[in-house]
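Convention: sequence-line order gives letters A, B, ...; per-chain numbering from 1. FYI, side chains are in, hydrogens and waters are out, and symmetry mates aren't considered; it's all heavy atoms of this structure.
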2 protein chains.
Amino acid sequence: MKKAERLERLEDRLKDAGVLHLSDAASHLGVSEMTVRRDLASAPHLFSYLGGYILPAGSERSTYRLDAEADTHSEAKELACQKASRLVEPDDTIFIDCGTTTPRMTEYLPLSGKLTVITYAMNVAERVMKRPNTNLILLGGLFHASSQTFSGDEALRSVERLGISKAFLSAGGLHSQHGATCSNFHEVPIKQAVLARAGLSYLVIDSSKLEKIKPAFFATTDQFDDVITE
Amino acid sequence: MKKAERLERLEDRLKDAGVLHLSDAASHLGVSEMTVRRDLASAPHLFSYLGGYILPAGSERSTYRLDAEADTHSEAKELACQKASRLVEPDDTIFIDCGTTTPRMTEYLPLSGKLTVITYAMNVAERVMKRPNTNLILLGGLFHASSQTFSGDEALRSVERLGISKAFLSAGGLHSQHGATCSNFHEVPIKQAVLARAGLSYLVIDSSKLEKIKPAFFATTDQFDDVITE
DNA sequence: GCCGATATGTTATGATTCTAACAAGATTTG
DNA sequence: CAAATCTTGTTAGAATCATAACATATCGGC
């Protein structure tokens with residue numbers, strides 16, 4: 001058995017198991033741990049190796065799943081999104097912000113009528129594109145892994161040419177004195193452009209965000225028509 | 001600082017970094033490693049912990065299942081993409097077109113260096129965003145489910161402001177007389193804008209496309225520096 | 001303030017992982 | 001066939017990780 005074959009078997013095995021311990025891999029391949037180490041070192045584009053465990057390459061940067069339970073304050077966010085979705089009418093053109101809260105709205109949006117969803121968040125786009133009877137407009141640009149969003153001048157210009165009936169914004173903090181703030185500065189221009197263009201603007205947050213302050217300020221409290229929490 | 005806050009900060013940090021060493025996490029949070037261990041143990045649904053390293057939960061399950069077999073001329077496309085990827089150098093800025101062929105290139109691109117990938121195809125973006133050390137620029141706009149792409153004026157204007165060293169285009173047909181054609185008219189403006197801006201342009205197709213004609217014409221054969229097939 | 005309960009830090013010990021160096025076997029090449 | 005090269009295995013010491021036990025600190029009633 002040659003190195004190439006071992007690498008292939010490792011790859012296959014990883015697709016099933018997800019992670020593999022060095023010692024398991026060694027016995028599975030019938031070679032010493034040292035050989036597996038050397039195999040791994042020779043193919044860093046295929047595998048990641050962390051403290052004795054083998055992973056498929058790139059899984060460190062996996063998309064953040066929004067599985068119902070795999071998130072802090074999950075039930076609160078779910079509830080807030082259900083309430084927010086009730087405000088959407090079948091023929092609206094709505095903006096949905098990034099984060100772990102507002103993307104959940106996609107599950108509760110009305111299916112009748114011709115809804116149009118505008119977003120700059122990948123996790124929102126991925127969900128909306130699978131819906132029937134729904135237009136999706138994604139504001140593109142440079143991708144930021146930290147927030148799963150895009151940023152760029154052209155996106156701002158696009159917003160100015162769109163009609164937005166209702167905007168659903170998210171925030172990392174909402175403070176009575178210091179308004180709405182978020183963690184990433186690149187989100188600020190888009191949020192502000194949307195706020196300026198939207199007919200009605202809502203802030204959708206779970207109550208744990210109240211009275212918190214994050215580094216990037218983007219709006220005062222009175223710029224929102226309503227704040228929706230659980 | 002309470003446990004809940006530490007967990008949130010860990011989550012944020014992981015979104016950026018992907019993995020985090022126990023000792024880094026401890027110093028980042030200003031607590032002992034033992035406390036971080038205990039925090040992790042109390043929230044196994046949020047994090048995976050392997051040999052001293054913290055990962056987002058579920059990242060072992062990287063489901064990069066390719067539609068590889070569920071596609072015609074699959075091996076031919078795969079081969080063409082491998083050949084095309086060999087033309088890419090570590091610090092290039094490349095454009096990758098839509099379809100079922102060119103998105104496979106993402107698997108073979110070099111991992112060293114700081115690659116930048118420009119695209120208007122959702123299936124390309126979804127793959128590139130999971131790669132480390134890679135910038136992703138998505139040309140946004142209105143989503144077309146038929147080709148999994150976006151279209152819009154702002155995207156065209158974005159292309160004019162980008163420097164593209166190599167462009168990898170796809171086509172539904174390449175005819176000796178009638179040039180390169182595709183099935184969707186909304187792809188034409190982007191393809192043409194990219195052709196006009198790219199340093200080198202390649203057409204990546206499997207040989208079954210040769211001498212075929214599709215409804216939307218977008219380029220003559222001599223506009224490409226090379227045609228890459230299996 | 002006092003108390004119990006919970007949270008956090010420290011230490012020590014054993015297990016595991018990492019790395020380098022060398023030896024033995026397999027493969028290529030002239 | 002023999003030398004050179006590449007591959008693999010073994011060993012040992014250093015570094016790191018895991019776990020438990022205990023000490024200290026903090027918090028929330030009463």
Side-chain angles (χ1 to χ4, degrees), chain A residues 1-14 16-62 69-76 207-213, chain B residues 1-14 16-62 111-112 132:
Chain A
M1 194 193 314
K2 292 230 169 90
K3 174 147 85 178
E5 187 188 338
R6 287 200 304 268
L7 290 177
E8 267 189 59
R9 289 186 58 179
L10 261 190
E11 245 191 306
D12 287 348
R13 190 88 170 158
L14 271 183
D16 284 342
V19 296
L20 214 50
H21 195 273
L22 179 67
S23 54
D24 295 336
S27 63
H28 178 63
L29 297 172
V31 294
S32 73
E33 298 190 359
M34 200 61 229
T35 300
V36 180
R37 281 178 197 274
R38 289 195 264 245
D39 284 353
L40 295 176
S42 76
H45 55 292
L46 286 176
F47 308 105
S48 305
Y49 182 70
L50 295 178
Y53 296 86
I54 308 165
L55 294 107
S59 52
E60 311 92 345
R61 211 176 155 177
S62 72
E69 294 88 42
D71 195 8
T72 49
H73 307 105
S74 182
E75 339 68 43
S207 57
S208 76
K209 306 290 196 303
L210 296 172
E211 299 309 313
K212 294 275 168 63
I213 301 181
Chain B
M1 194 192 316
K2 291 230 172 91
K3 175 148 86 175
E5 188 188 339
R6 287 199 304 268
L7 289 177
E8 267 190 59
R9 288 186 60 179
L10 261 189
E11 245 190 305
D12 286 348
R13 190 87 170 161
L14 270 182
D16 281 339
V19 295
L20 215 49
H21 196 274
L22 179 66
S23 55
D24 294 336
S27 62
H28 177 63
L29 296 173
V31 295
S32 72
E33 298 190 0
M34 198 60 229
T35 300
V36 179
R37 282 178 195 275
R38 290 197 262 243
D39 284 352
L40 295 176
S42 76
H45 56 293
L46 286 175
F47 309 104
S48 305
Y49 182 71
L50 294 179
Y53 296 85
I54 308 165
L55 295 106
S59 56
E60 312 93 344
R61 281 267 170 282
S62 84
L111 278 157
S112 58

Partners of Arg13(A) by side-chain contact (heavy atoms from CB on, under 4.5 Å), sequence neighbours excluded?
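In terms of side-chain contact (heavy atoms from CB on, under 4.5 Å), with neighbours along the sequence ignored, Arg13(A) is linked to Leu20(A), His28(A).
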
Under the side-chain contact (heavy atoms from CB on, under 4.5 Å) rule, collect the residues that match up with Arg37(B), sequence neighbours excluded.
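By the side-chain contact (heavy atoms from CB on, under 4.5 Å) rule, Arg37(B) matches Leu22(B), Met34(B), Tyr49(B).
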
Looking at every non-hydrogen atom in both residues, tell me the closest pair between [X] and [Y] and how far apart they are.
X	Y	result
Ala26(B)	Ser32(B)	CB-C, 3.9 Å
Val31(B)	Arg6(B)	CG1-CD, 4.0 Å
Pro56(A)	Leu14(A)	N-CD1, 3.8 Å

His21(A): side chain to side chain donor-acceptor pair (under 3.5 Å) partners, not counting sequence neighbours
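So His21(A) forms a side chain to side chain donor-acceptor pair (under 3.5 Å) with Ser23(A).
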
Could you tell me which residues satisfy side chain to side chain donor-acceptor pair (under 3.5 Å) with Ser27(A), sequence neighbours excluded, listed by chain and number?
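For Ser27(A) there are no side chain to side chain donor-acceptor pair (under 3.5 Å) partners, ignoring immediate neighbours.
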
Sort me out a list of protein N/O and nucleotides 24-29 of chain C N/O pairs below 3.5 Å, or just none if empty.
none

What protein N or O atoms touch nucleotides 13-15 of chain C N or O atoms at under 3.5 angstrom, if any, and at what distances?
none

Value in whole Å for how far the [atom2] atom of [N] lies from [atom1] of [X]:
X	N	atom1	atom2	answer
Leu29(B)	dA7(C)	CG	P	17 Å
Ile54(A)	dC18(C)	CD1	C1'	15 Å
Arg6(B)	dG9(C)	CZ	C1'	12 Å

Between the first and last five pairs of the helix from dG4(C)-dC27(D) to dG30(C)-dC1(D), the angle of the axes, rounded to 10 degrees:
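Rounded to the nearest 10 degrees, the bend comes out at 30°.
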
Hey, could you give me the CZ/CG distance between Arg9(B) and Leu29(B), rounded to the nearest 0.5 Å?
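One gets 6.0 Å once the value is rounded to the nearest 0.5 Å.
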
Under 4.5 Å between any side-chain heavy atoms of Asp39(B) and Phe47(B), yes or no?
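The answer is no, as the side chains (C-beta and beyond) never meet within the 4.5 Å cut-off.
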
Got more than 12 heavy atoms from elsewhere within 6.0 Å of CD, Glu211(A)?
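Result for CD/Glu211(A): enclosed.
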
Protein-to-nucleotide contact annotation, 5' to 3' order, nucleotides 10-23 of chain D [B base; S sugar-phosphate only; - none; under 4.0 Å, heavy atom]
B------SBB----

Show, in sequence, the C-alpha distance, side-chain angles and deciding distance for Val36(B) and Ile54(B), and conclude whether the side chain to side chain contact (heavy atoms under 4.5 Å, CB included) test is met.
CA-CA 10 Å; Val36(B) 179; Ile54(B) 308 165; 4.2 Å; yes

Candidate pair Leu55(A) and Leu50(B), rule side chain to side chain contact (heavy atoms under 4.5 Å, CB included), full reasoning:
CA-CA 10 Å; Leu55(A) 294 107; Leu50(B) 294 179; 4.1 Å; yes

